[in-house]
There are 2 protein chains.
Amino acid sequence: MKKELVTLKKIAQILDLSTSTVSRALNDHPDISEATTKKVKQLAQSLNYVPNIFAKGFRKHRSNIIGVIVPNITHYFTTTMVRGILEEAAIKGYRVIISESNNDVLKQTEMLNTMMQFGVDGILASLTKMTRDIDNILPILNKVPLILFDKVSNKIPCTQITINDEEAAYNAIEHLINIGKKRIAIIKEREFSYTSEKRFSGYLKALKDHDIEIDEKIIISVDDISLIQGKRMANHLLSIKKRPDAIFAITDSAAIGVIQTLKKFNINIPEDIAVVGFSNSSHSTIIEPKLTTVDQPGEKIGKNAVKYLIEEIESTTDILTNKMIEIKGNLIIRDSTFKV
Amino acid sequence: MKKELVTLKKIAQILDLSTSTVSRALNDHPDISEATTKKVKQLAQSLNYVPNIFAKGFRKHRSNIIGVIVPNITHYFTTTMVRGILEEAAIKGYRVIISESNNDVLKQTEMLNTMMQFGVDGILASLTKMTRDIDNILPILNKVPLILFDKVSNKIPCTQITINDEEAAYNAIEHLINIGKKRIAIIKEREFSYTSEKRFSGYLKALKDHDIEIDEKIIISVDDISLIQGKRMANHLLSIKKRPDAIFAITDSAAIGVIQTLKKFNINIPEDIAVVGFSNSSHSTIIEPKLTTVDQPGEKIGKNAVKYLIEEIESTTDILTNKMIEIKGNLIIRDSTFKV
DNA sequence: ATCGTTCCCGCAATCGTTTGCGTGACAATA
DNA sequence: TATTGTCACGCAAACGATTGCGGGAACGAT
């Protein structure tokens, strides 16, 4: 546990140099001659020198840590984004600390603050659903770069990275139309959710473009978009007089709930009612029939988020950037909308 | 971005005290009178003082960060453990940095080293499958506390936390026997895997205890225990002359592969062949019939891992602890073994 | 009056690294 | 020769918190 630390001073003593020279040599400072630089680096190597991270951070006010906050780390899609974040961060020499907000707004702001106090160089956040009180988040912006991904909010002036939800939803609906569906229901979220709204507007746009009547009765809003709610809403949709012939659930889990109750009532999928989800979760190939859904390239989102964040961290200018980046999601057609 | 930092010195100046007094006051040092302690704390509060984490770590050689390494963060069970880790760590005032080894041994050792250099106070690791070259891991033990969880290795002298794999497997097999199954196959891992071996020995023990013949032909070993392999091995098991009447797959994903091919051949589950998995993954209730499996309390494992790790971190003695902790997993009986 | 305690608190060093500034050696230029 | 410039490096301060040591004040006991 003791293990005599190797420090700049030690290297300096051995080489009969000053610590400053050693430091500069290791950092490729132009003031230092090639010869000594080489000498220093060699010794450092052989002594297995590692710079004291604390002293370094202490001086430079840099931790090389980025903080990540997600609502629920248990969701498969979230983990794929996290994977992308970890990869890209490792490449760029950053470590990642992760927190889970459990969709609790208070916890979320608390975590933002802890992370700040803890000295992260930047924060990547995927917001909880009902993040309305932006006031708690805005102060962060002046202190440390913040980038939102996946669950974003256009009320916050910072760069944001999402799926092209609207377009992807549009494509999904168009696919349903192409296979002959004319009465397409949607199950979306009631609480304001950026992604839900985007997908909804893609839905509306597609219907309009194909001159299909929009019927409020088959536009279903739920509080939490879960498997259970999918079941409930499918039940509801079966009970109305003019049944839909397709159901677009804003989320795979809801779509799976829908499929499960349709099967319970022996409704043929996709002939009687087609179903499409959103996420390409791992469940979508386990359920039968396999679910048509939108694949979201999580790793790509994660990587991009890190890329933009580090850009902001290492930029010298202090202006808030405010880009909106969209990553393309792809419709994956499976048995729930298409029979071979 | 500038934002005049609040430091001990500033507080000291305002209160006309020395920084040392302020420091001690904030740390509840007995030398400081109640009155001044109170005064200092109040001012610190109102000034929104946060100790500079770098300076603190610099002095105390403590980062209050623990490193976590997992093979694959995408697995549901892994995320539940991570959740437990995050929760417990947050409570204890530690941050968590996570890395993914992707089941790559080289990456794993590299990550261990990076984390060490980075100054984590301790490391929690779930090992990659084929971690044989313990040599890369042993040096870590002298430098920083290490605890293994889930994927462990009894070759490494440190405390380890697992499910009671053997017992749980025993219970699963006993359940199969109780519902009348007499010829029970197992699909396990070929490569040495601590958990696989444990589950296998539970299987053997249960069969012996119930005087059931052990048949090598229905003991299947595979390289990677995946859904695909589940399908393949199910095919194989169907092809042998004395078919099994139950299949115990060491893993949910393999069990799901098994179910999928059994269904393809119109074999009744569980009447003809019962299936049980291990993990209680989220897939196990999506598949039909719903899968009987062993629920592993991931959060509990995570929490315990953190608890023991912090214990070691904060202990003053330097002796390597070497406890084996087992967390109980519970058999969850569903349709794949039991018809109502 | 002197001594010994106890209670509170300040001084100053310290951790390892970075960095502004200074300096000596030497070469180039006037 | 005197001046200027460049190169390569050293000095020392600084970052903010912690901590061993020492010391003054107050008080009681002798």
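Please read these numbers as outputs of a predicted model, since none were measured by experiment. Here is how names work: the chains are called A, B, and so on, in the same order as the sequence lines, proteins then strands, and each is numbered from 1.
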Determine the contact category for S23(A): base if any of its heavy atoms lies under 4.0 Å from a base atom, sugar-phosphate if only primed atoms, P, OP1 or OP2 are that close, otherwise nothing.
-> base
Rounded to whole Å, the CD-P distance (Q13(A) to dT17(C)) equals 13 Å
To the nearest Å, how far apart are N64(B) CG and dA17(D) P?
-> 15 Å
Tell me whether the OP1 or OP2 atom of dT17(C) has a side-chain N or O from Y49(A) closer than 4.0 Å.
-> yes
Using rotation axes that map the C1' atoms of four end pairs onto the next four (five pairs an end), what angle separates the end axes of the helix from dA1(C)-dT30(D) to dA30(C)-dT1(D), to 10°?
-> 60°
Using distance alone, with no hydrogens and no angle criterion, decide if T36(A) and S33(A) have a side-chain donor and acceptor under 3.5 Å apart.
-> yes
Starting at NZ of K39(B) and ending at C1' of dC8(C), how long is that distance when rounded to a whole Å?
-> 12 Å
Rounded off to whole Å, could you give me the NE2-to-C1' distance for the H61(B) and dA17(D) pair?
-> 12 Å
Give a yes or no on whether the backbone of D31(A) and the side-chain of H29(A) come within a donor-acceptor separation of less than 3.5 Å.
-> yes
Polar atom pairs between nucleotides 9-14 of chain D and protein, under 3.5 Å, N or O only, would you list them?
from	atom 1	to	atom 2	distance (Å)
dC9(D)	OP1	T36(A)	OG1	3.4
dC9(D)	OP2	S33(A)	N	2.8
dC9(D)	OP2	S33(A)	OG	3.2
dC9(D)	OP2	T36(A)	OG1	2.9
dC9(D)	N4	D31(A)	OD2	2.9
dG10(D)	OP1	S18(A)	N	3.3
dG10(D)	OP2	S18(A)	N	3.0
dG10(D)	OP2	S18(A)	OG	2.9
dG10(D)	OP2	T21(A)	OG1	2.1
dG10(D)	O6	R24(A)	NH2	2.6
dC11(D)	N4	S20(A)	OG	2.9
dA14(D)	N3	R59(A)	NH1	2.6

In whole angstrom, what separates D28(B)'s CG from dC9(C)'s C1'?
-> 16 Å
For a salt bridge (charged side-chain N to carboxylate O under 4.0 Å, His left out) with E87(A), tell me which candidate from K303(A), K307(A), K92(A), K300(A) qualifies.
-> K303(A)
Could you check how far NZ of K60(B) sits from P of dA17(D), rounded to whole Å?
-> 13 Å
Is the closest side-chain heavy-atom distance between I85(B) and I98(B) below 4.5 Å?
-> no
Flag for S63(B)-D121(B): side-chain donor and acceptor within less than 3.5 Å = yes
Mind checking whether I163(A) and T195(A) have side chains closer than 4.5 Å, heavy atoms only?
-> no
Send over the distance from R62(B) CZ to dA17(D) C1', rounded to a whole Å.
-> 16 Å
Here the distance between atom C1' of dC7(D) and atom NE2 of H29(A), to the nearest Å, is 12 Å
Assess whether side-chain hydrogen bond (donor to acceptor under 3.5 Å, both in side chains) is satisfied between S18(A) and T21(A), documenting all intermediate values.
-> CA-CA 5 Å; S18(A) 71; T21(A) 302; 3.0 Å; yes
Side-chain donor/acceptor of N102(A) to backbone N/O of D104(A), under 3.5 Å | no
Residue set satisfying ring pair (Phe, Tyr, Trp, His ring centres under 6.0 Å) with F58(B), at least two apart, ordered chain then number -> F58(A)
Phosphate-side-chain proximity, N52(B) and dC15(D), N/O vs OP1/OP2 below 4.0 Å = no
